[in-house]
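What you see is a predicted model, and the numbers here were worked out from it, not measured in a lab.
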Amino acid sequence: MRIWERDGYKVIEQDLDFYLRQFAVVVEGMENQIISPNNIESMLSIIDALDAGADVKGWEDGKGNTIHV
């Protein structure tokens, strides 16, 4: 699994369901929120954005909640 480090937090890829992965937002060593994509396309978009250096602040977690770090 991959880890993306940002200023003040990390995003850690985790198994979700078969080929789907979820992304835990970890602040100060504690899991803050989970980004759960609904499909492979959404998951790949999240990975592309994280690889490009995107910040997850303000993203939706897949359940209608906004990510705050």
Side-chain angles (χ1 to χ4, degrees):
M1 298 296 145
R2 297 170 57 183
I3 298 174
W4 294 268
E5 294 194 32
R6 300 293 185 259
D7 189 27
Y9 67 96
K10 294 179 184 182
V11 179
I12 301 173
E13 181 181 20
Q14 301 174 334
D15 288 328
L16 178 59
D17 186 31
F18 295 102
Y19 297 110
L20 272 180
R21 304 286 188 258
Q22 65 184 11
F23 304 88
V25 180
V26 178
V27 180
E28 296 178 2
M30 296 177 54
E31 193 172 284
N32 188 18
Q33 289 179 289
I34 299 287
I35 301 169
S36 301
N38 296 326
N39 54 49
I40 296 290
E41 292 80 17
S42 295
M43 179 191 77
L44 293 175
S45 278
I46 291 168
I47 291 171
D48 287 344
L50 291 169
D51 284 346
D55 188 351
V56 299
K57 295 174 188 171
W59 284 18
E60 186 179 312
D61 66 0
K63 296 179 182 178
N65 302 310
T66 302
I67 301 293
H68 298 283
V69 289

Report task. Using the side-chain contact (heavy atoms from CB on, under 4.5 Å) rule, take R2 and D51 through it: C-alpha gap first, then chi angles, then the decisive distance, then the call. Result -> CA-CA 10 Å; R2 297 170 57 183; D51 284 346; 2.2 Å; yes
Report task. Quick one: pull up CG in N65 and CD1 in I35 and give me the separation to the nearest 0.5 Å. Result -> 11.5 Å
Query raised in the report: Does any non-hydrogen side-chain atom of E31 lie less than 4.5 Å from one of I12?
Result: no
Report task. Please tell me if the side chains of R6 and L50 come closer than 4.5 Å, counting only heavy atoms from C-beta onward. Result -> yes
Query - M30 atom CE: more than 12 heavy-atom contacts under 6.0 Å - result: no
Query raised in the report: Going from CD on Q22 to CG on D15, what distance comes out if it is rounded to the nearest 0.5 angstrom?
Result: 8.5 Å
Query raised in the report: Would you say the side chain of V25 lies within less than 4.5 Å of the side chain of W59, judging by non-hydrogen atoms?
Result: no
**Report entry** For the student: nearest non-hydrogen atoms of Q33 and T66, plus distance
**Finding:** NE2-O, 3.3 Å
Query raised in the report: Should M43 and Y19 be counted in the same cluster of Ile, Leu, Val, Met, Phe, Trp and Tyr side chains packed under 4.5 Å apart?
Result: yes
Report task. List the steps and the verdict of side-chain contact (heavy atoms from CB on, under 4.5 Å) for I67 and K57. Result -> CA-CA 5 Å; I67 301 293; K57 295 174 188 171; 5.8 Å; no
Query - ILVMFWY cluster, L44 and F23 together (side-chain gap under 4.5 Å) - result: yes
**Report entry** Distance in Å, N38 CG paired with L20 CG, rounded so as to fall on 0.5 Å steps
**Finding:** 8.5 Å
Query - I47 and E13, any side-chain heavy atoms less than 4.5 Å apart - result: yes
Query raised in the report: How long is the span from the CD atom in E60 to the OG atom in S36, to the nearest 0.5 Å?
Result: 11.0 Å
Requested in this report: Grab the two heavy atoms, one from P37 and one from I46, that are nearest each other, plus how far apart they are.
Outcome: CB-CD1, 4.0 Å
Query raised in the report: With distance as the sole test, does Y9 use its side chain to make a donor-acceptor pair with the main-chain N or O of V56 at under 3.5 Å?
Result: yes
Report task. Might you point out which heavy atoms bring L16 and R21 nearest each other, and give the distance in Å? Result -> CB-C, 3.9 Å
Requested in this report: Please check if any side-chain donor atom of D48 sits under 3.5 Å from a side-chain acceptor atom of S45, or the reverse.
Outcome: no
